[in-house]
There are 2 protein chains.
Amino acid sequence: MDNRARVPMLSGEPCDMSTWDAGNCPVRDVMNQIAGKWSTLILQALAEKPYRFGELRRLVPDISQRMLTQTLRDLQRDGYIGREVFPTKPPSVEYRMTELGYSLFEPLSKVLAWAENNHSSVKAARSKFDESELA
Amino acid sequence: MDNRARVPMLSGEPCDMSTWDAGNCPVRDVMNQIAGKWSTLILQALAEKPYRFGELRRLVPDISQRMLTQTLRDLQRDGYIGREVFPTKPPSVEYRMTELGYSLFEPLSKVLAWAENNHSSVKAARSKFDESELA
DNA sequence: AGTGCTAGTCTCTTTTTGAGACCAACAATC
DNA sequence: GATTGTTGGTCTCAAAAAGAGACTAGCACT
């Protein structure tokens with residue numbers, strides 16, 4: 001059983017981490033954003049359909065307004081979602097996924113699907129680990 | 001008007017966030033781990049070949065020993081990587097990806113590839129946003 | 001005897017996150 | 001016509017997490 005080097009690395013030079021330069025590694029730069037605690041949840045919601053601020057807040061009950069605001073602004077900054085203000089009685093704000101957001105969500109949803117399908121394996125590994133730690 | 005949040009388009013029962021139960025949403029449970037700042041980087045390295053602690057440290061120069069230790073232990077706990085101690089003169093520890101780890105890395109690598117291919121679009125969106133913020 | 005390597009841990013400081021109060025404008029209710 | 005609720009946030013303060021760097025123990029080499 002040779003476990004070594006089975007996964008083809010990404011095209012060409014993936015990310016030479018040894019000669020690392022701050023803004024030079026796409027993986028870090030992009031991932032550090034979507035790797036946030038709330039980002040995937042919000043992207044997952046907005047991939048379905050546009051939502052308003054309050055709706056998202058109710059959708060993810062345990063996010064604080066502060067973090068929702070910040071997560072949305074960060075996702076907007078990177079171009080994954082758009083923000084539109086409607087001048088209704090109490091002004092409402094709608095967030096919706098952009099083309100770029102959808103193109104990211106396509107591969108990302110595969111990871112989310114993996115998470116669902118393999119959740120039990122992960123939980124099992126976790127239990128086993130914790131058990132052996134206890135000793 | 002069913003306000004109850006049905007989130008995603010993933011196969012089967014998605015993840016009803018409105019009736020959220022701590023350990024019940026696979027997406028959150030799994031993602032919160034691999035979404036760490038360093039997790040993807042380490043997984044990416046170990047997908048290539050096994051590495052020792054010090055090698056990983058040199059590979060990712062700006063990670064602290066503390067965070068490397070913790071990240072490795074968390075990834076090991078969830079079953080993505082294995083840890084083997086060799087009783088050499090100064091004892092060495094080798095980390096290598098497990099089957100579960102490889103199965104996760106397959107979809108995950110698609111996201112990493114996306115990051116490489118679309119990094120310029122993200123940077124462009126970011127510049128545009130910052131510019132309009134400045135006003 | 002001194003230096004360096006190994007894989008960590010321990011402590012301290014800085015950054016990030018979370019909880020919750022507060023805001024102004026308007027709508028419907030009492 | 002004063003009270004309450006709803007909108008999408010911001011502000012402050014406490015708690016949690018992350019980063020920096022010193023310290024460890026055993027052995028090898030010089």
Side-chain angles (χ1 to χ4, degrees), chain A residues 17 20 22 25 28-29 31-42 45-46 50-78 81-96 129 132-133, chain B residues 1 3 5 17 20 22 25 28-29 31-42 45-46 50-78 81-96 129 132-133 135:
Chain A
M17 306 187 207
W20 175 70
C25 176
R28 304 182 76 144
D29 194 27
M31 289 306 288
N32 273 353
Q33 201 33 247
I34 62 182
K37 185 175 176 182
W38 306 105
S39 301
T40 45
L41 256 346
I42 300 299
L46 293 179
Y51 279 106
R52 292 173 46 192
F53 186 89
E55 289 176 320
L56 288 171
R57 199 161 119 72
R58 283 186 288 276
L59 211 56
V60 188
D62 59 334
I63 193 176
S64 63
Q65 279 189 317
R66 190 181 155 283
M67 286 315 291
L68 181 54
T69 301
Q70 192 177 313
T71 302
L72 288 169
R73 216 164 0 126
D74 289 347
L75 292 176
Q76 186 196 354
R77 188 172 104 100
D78 280 11
I81 66 176
R83 177 182 189 269
E84 193 176 0
V85 182
F86 294 100
T88 48
K89 323 75 191 271
S92 65
V93 179
E94 187 182 87
Y95 293 91
R96 71 167 63 217
F129 181 89
S132 66
E133 276 290 284
Chain B
M1 37 154 72
N3 247 358
M17 303 191 207
W20 176 70
C25 178
R28 305 181 75 145
D29 193 28
M31 289 305 290
N32 274 353
Q33 200 36 245
I34 62 182
K37 184 175 180 183
W38 306 106
S39 302
T40 44
L41 256 346
I42 301 299
L46 293 178
Y51 279 107
R52 291 172 47 192
F53 187 89
E55 290 176 319
L56 288 170
R57 199 162 120 69
R58 283 186 288 276
L59 212 55
V60 189
D62 59 335
I63 192 175
S64 63
Q65 281 188 317
R66 190 181 155 282
M67 286 316 290
L68 181 54
T69 301
Q70 192 177 313
T71 302
L72 287 170
R73 220 169 351 131
D74 289 347
L75 292 176
Q76 185 196 355
R77 188 171 104 100
D78 280 12
I81 66 177
R83 177 184 189 267
E84 192 175 0
V85 182
F86 295 100
T88 49
K89 322 80 189 266
S92 66
V93 180
E94 187 182 87
Y95 294 91
R96 74 166 59 215
F129 182 89
S132 65
E133 276 291 286

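In what follows, every chain begins at residue 1, and chains take the letters A, B, ... in the order their sequences are listed.
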Between [N] atom [atom2] and [X] atom [atom1], what is the distance in whole Å?
X       : N      : atom1 : atom2 : result
B/Tyr95 : C/dA7  : OH    : P     : 8 Å
A/Arg73 : D/dG8  : CZ    : P     : 16 Å
A/Arg57 : D/dG9  : CZ    : C1'   : 10 Å
B/Arg58 : C/dG4  : CZ    : C1'   : 13 Å
A/Met67 : D/dA17 : CE    : C1'   : 12 Å
B/Glu55 : C/dC5  : CD    : P     : 14 Å
B/Leu68 : C/dT6  : CG    : P     : 13 Å
B/Asn32 : D/dA17 : CG    : P     : 12 Å

Given the rule in the side-chain contact (heavy atoms from CB on, under 4.5 Å) test, do B/Val93 and B/Phe86 qualify, once you have shown the distances and angles that lead to the verdict? CA-CA 6 Å; B/Val93 180; B/Phe86 295 100; over 6 Å; no
Among [options], which nucleotide has an atom closest to any side-chain atom of [X]?
X       : options               : result
A/Thr69 : D/dT7, D/dT10, C/dG18 : D/dT10
B/Ser92 : C/dT17, C/dT6, C/dT9  : C/dT6
B/Val93 : D/dG9, C/dA7, D/dC11  : C/dA7
B/Ser64 : C/dT17, D/dA20, D/dG9 : D/dA20
B/Phe53 : D/dC11, C/dT6, C/dG8  : C/dG8

For B/Gln70 and for B/Gln65, find the nucleotide of DNA chain D with the closest heavy atom, then tell me which residue's nucleotide is more 5'. B/Gln70
Relative to the 5' end of DNA chain D, which residue comes earlier, A/Arg83 or B/Ile63, by the nucleotide with the nearest heavy atom? A/Arg83
Taking A/Phe53 as the fixed residue, which of A/Gln65, A/Arg58, A/Glu94 is the one that meets the side chain to side chain contact (heavy atoms under 4.5 Å, CB included) rule? A/Gln65
Find which nucleotide of DNA chain C each of A/Lys89 and A/Trp38 is nearest to by heavy atoms, and output the residue with the more 5' nucleotide. A/Trp38
Return no unless some side-chain N or O of B/Lys37 is found under 4.0 Å from OP1 or OP2 of D/dA17. no
Contact under 4.0 Å: B/Tyr51 side-chain N or O vs C/dA7 OP1/OP2: no
Taking only Lys NZ, Arg NE, NH1 and NH2, and the carboxylate oxygens of Asp or Glu, determine whether A/Arg57 and A/Asp62 approach each other closer than 4.0 Å. no
Below 4.5 Å, heavy atoms only, C-beta onward: do [X] and [Y] meet side chain to side chain?
X       : Y       : answer
A/Leu56 : A/Ile63 : no
B/Ile42 : B/Leu59 : no
B/Thr71 : B/Leu75 : yes
A/Arg28 : B/Val60 : yes

What verdict does the side-chain contact (heavy atoms from CB on, under 4.5 Å) test give for A/Arg73 and B/Phe129, after you've listed the backbone C-alpha separation in whole Å, the side-chain angles of each residue and the deciding distance to 0.1 Å? CA-CA 10 Å; A/Arg73 216 164 0 126; B/Phe129 182 89; 3.8 Å; yes
To the nearest 10°, give me the bend of the helix from C/dA7-D/dT24 to C/dC30-D/dG1, comparing the axes of its five terminal pairs at either end. 30°
With a 4.0 Å cut-off on heavy atoms, is A/Phe86 in touch with a base, just the backbone sugar-phosphate, or nothing at all? nothing
I'd like to know if B/Arg52 reaches the base of C/dA7 with its side chain, counting only an N/O donor and acceptor under 3.5 Å. no
